[in-house]
Amino acid sequence: MHYIIIFLIFSFACSKKSSDSQQNPPFSKYDILTYWGYGIGKTHKYYTKDSLRVIISPSIDSTYIRNDTMLKVIGDTFGNLNVVFSDSFYLAQIKRYDTFFVYSPFVADSVKSINFIRDTIKVNLEYKIFKAPLQLNEIWTPIEAQSRPVNDTIIITNQQIQPCSLRIYFDSLKIDSSKKVVIETGNDSTYKLFSKTHSKIKYRYQTKPQSNICSDTTIKKDTAYLVNYDTTYLKAYTGIVRYFSFDSLTASALIGPIPIQVNTKNYTRRIKVQ
């Protein structure tokens, strides 16, 4: 089953927070960061839970759940407004480095890689995660529609497809649409944001070596379709209060004579420790 996980985990770097009270924040770039709850040189702690369900027609239906603790460390930029930070997951032993770009009225997160198990697929994107101030029903486009080349090859050998090996060649990422909407506001400077992104990844795949099962070793082309929904609950000066996301992906492949259809559903919850 593990060979198909390569398609599964797609996430743009972590989501964030915001809010607006009667007193709007001063709009210097550092004040915007502080308003969203990120102190320079500070460590922020979150509890995370991921539930991933993988369905491979016609026989596999598997669920994987991971609980973890995440630490976000915001670097001291010494006057540089490209603010470097890192996310460390305690149990998963993963550490990711990233950068905020701060400019009025947005804070943008630079997405440097797309997570297909490994952080090897490098795609530079700018994701506008914060805007100040916020108003009810306000809409903006966090990621503009675009197509980016992706260069990576993954070779999978698995008992389920022996004596074949599956080679996947990733070609391009296309973002079709993206929006972020302020759907609720509260008197206590709390907000609820909804985000949606549609994208697709073009890839080629091939089975090797020549065998009874893998008699057709020609390279085939296909597309994986991804949709991402996020809901973020925000409060001024505290960063993430609650963050929920739902990601889904569909893809198909032909392993020897066996056609398969892959559907994944990934639920993520992240809660900041106050």
Side-chain angles (χ1 to χ4, degrees), residues 1-15 50-64 109 111-129 139 141-156 158 160-161 166-181 194-207 218-232 243-256 258-268:
M1 182 196 90
H2 298 302
Y3 69 89
I4 205 60
I5 297 294
I6 300 305
F7 292 109
L8 310 186
I9 300 176
F10 176 87
S11 123
F12 294 102
C14 43
S15 196
D50 295 303
S51 177
L52 175 64
R53 184 181 183 188
V54 183
I55 302 172
I56 303 177
S57 300
S59 59
I60 297 176
D61 189 338
S62 177
T63 299
Y64 170 74
D109 183 7
V111 182
K112 297 185 180 67
S113 64
I114 296 176
N115 231 357
F116 290 84
I117 297 301
R118 313 175 302 169
D119 289 327
T120 57
I121 301 180
K122 303 300 181 183
V123 178
N124 294 323
L125 298 172
E126 188 175 81
Y127 181 43
K128 295 177 181 176
I129 48 178
I139 300 175
T141 302
I143 305 177
E144 300 293 340
Q146 58 190 283
S147 183
R148 295 295 182 91
V150 174
N151 297 304
D152 198 17
T153 300
I154 297 177
I155 301 175
I156 307 298
N158 187 289
Q160 292 175 304
I161 61 173
L166 177 64
R167 302 179 182 219
I168 303 171
Y169 312 94
F170 297 101
D171 293 329
S172 66
L173 165 69
K174 182 178 181 181
I175 299 173
D176 294 324
S177 61
S178 174
K179 71 175 181 178
K180 190 177 283 282
V181 186
F194 174 76
S195 304
K196 179 172 67 174
T197 304
H198 291 278
S199 54
K200 52 190 175 184
I201 290 184
K202 292 187 179 296
Y203 65 96
R204 292 164 293 136
Y205 63 95
Q206 178 184 35
T207 53
T218 58
I219 296 180
K220 304 170 184 65
K221 296 181 180 180
D222 216 324
T223 303
Y225 295 90
L226 304 100
V227 61
N228 174 279
Y229 297 98
D230 297 335
T231 301
T232 310
Y243 163 74
F244 302 93
S245 72
F246 167 73
D247 307 322
S248 65
L249 176 147
T250 61
S252 60
L254 187 66
I255 309 303
I258 306 172
I260 64 172
Q261 181 74 27
V262 181
N263 298 283
T264 73
K265 297 180 180 180
N266 187 30
Y267 299 90
T268 301

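Under 3.5 Å, the side chains of Gln146 and Arg148 contain a donor-acceptor pair of N or O atoms. Counting only N and O atoms by type, the side chains of Thr141 and Lys179 include no donor and acceptor under 3.5 Å apart.
Panel note: side chain Lys174, backbone Ser172; no donor-acceptor pair is recorded below 3.5 Å.
Ion pairing of Asp61 with Arg53 is present here, as a side-chain N (NZ or NE/NH1/NH2) and a carboxylate O approach within less than 4.0 Å.
What you find for Ile143 and Ser178 is that their closest heavy atoms are O-CB, 3.2 Å. Closest of all the heavy-atom pairs between Pro142 and Lys180 is CD-N, 3.7 Å. In terms of heavy-atom proximity, Ser252 sits nearest to Gln261 at CB-OE1, 3.6 Å. Shown here for Ser199 and Ile175, the closest heavy-atom pair between the two residues is CB-CA, 4.0 Å. Among all heavy-atom pairs drawn from Asp230 and Tyr127, the shortest one is OD2-OH, 4.5 Å.
Here OH of Tyr203 is found 4.0 Å from CG of Asp222. Values are rounded to the nearest 0.5 Å. Taking CG of Asp50 as the start and OH of Tyr64 as the end, the distance is 8.0 Å to the nearest 0.5 Å. Separating the CZ atom in Arg204 from the NZ atom in Lys220 is a distance of 12.5 Å, to the nearest 0.5 Å. Considering NZ of Lys265 and OG1 of Thr63, their distance stands at 10.5 Å, rounded to 0.5 Å. Put simply, OH on Tyr243 and OG1 on Thr268 are 6.0 Å apart, with the number rounded to the nearest 0.5 Å. The distance from the CD1 atom of Ile201 to the OH atom of Tyr225 is 12.0 Å, given to the nearest 0.5 Å.
Between Leu226 and His198 there is no side-chain heavy-atom pair separated by less than 4.5 Å. Side-chain contact check for Leu125 versus Leu173: some heavy-atom pair is nearer than 4.5 Å.
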* Asked: Could you go step by step and tell me if Phe194 and Tyr229 meet the side-chain contact (heavy atoms from CB on, under 4.5 Å) rule?
  -> CA-CA 7 Å; Phe194 174 76; Tyr229 297 98; 3.4 Å; yes
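Tested against Asn228 for a side-chain hydrogen bond (donor to acceptor under 3.5 Å, both in side chains), the candidates Asn266, Thr197, Asp247 yield a single pass: Asp247.
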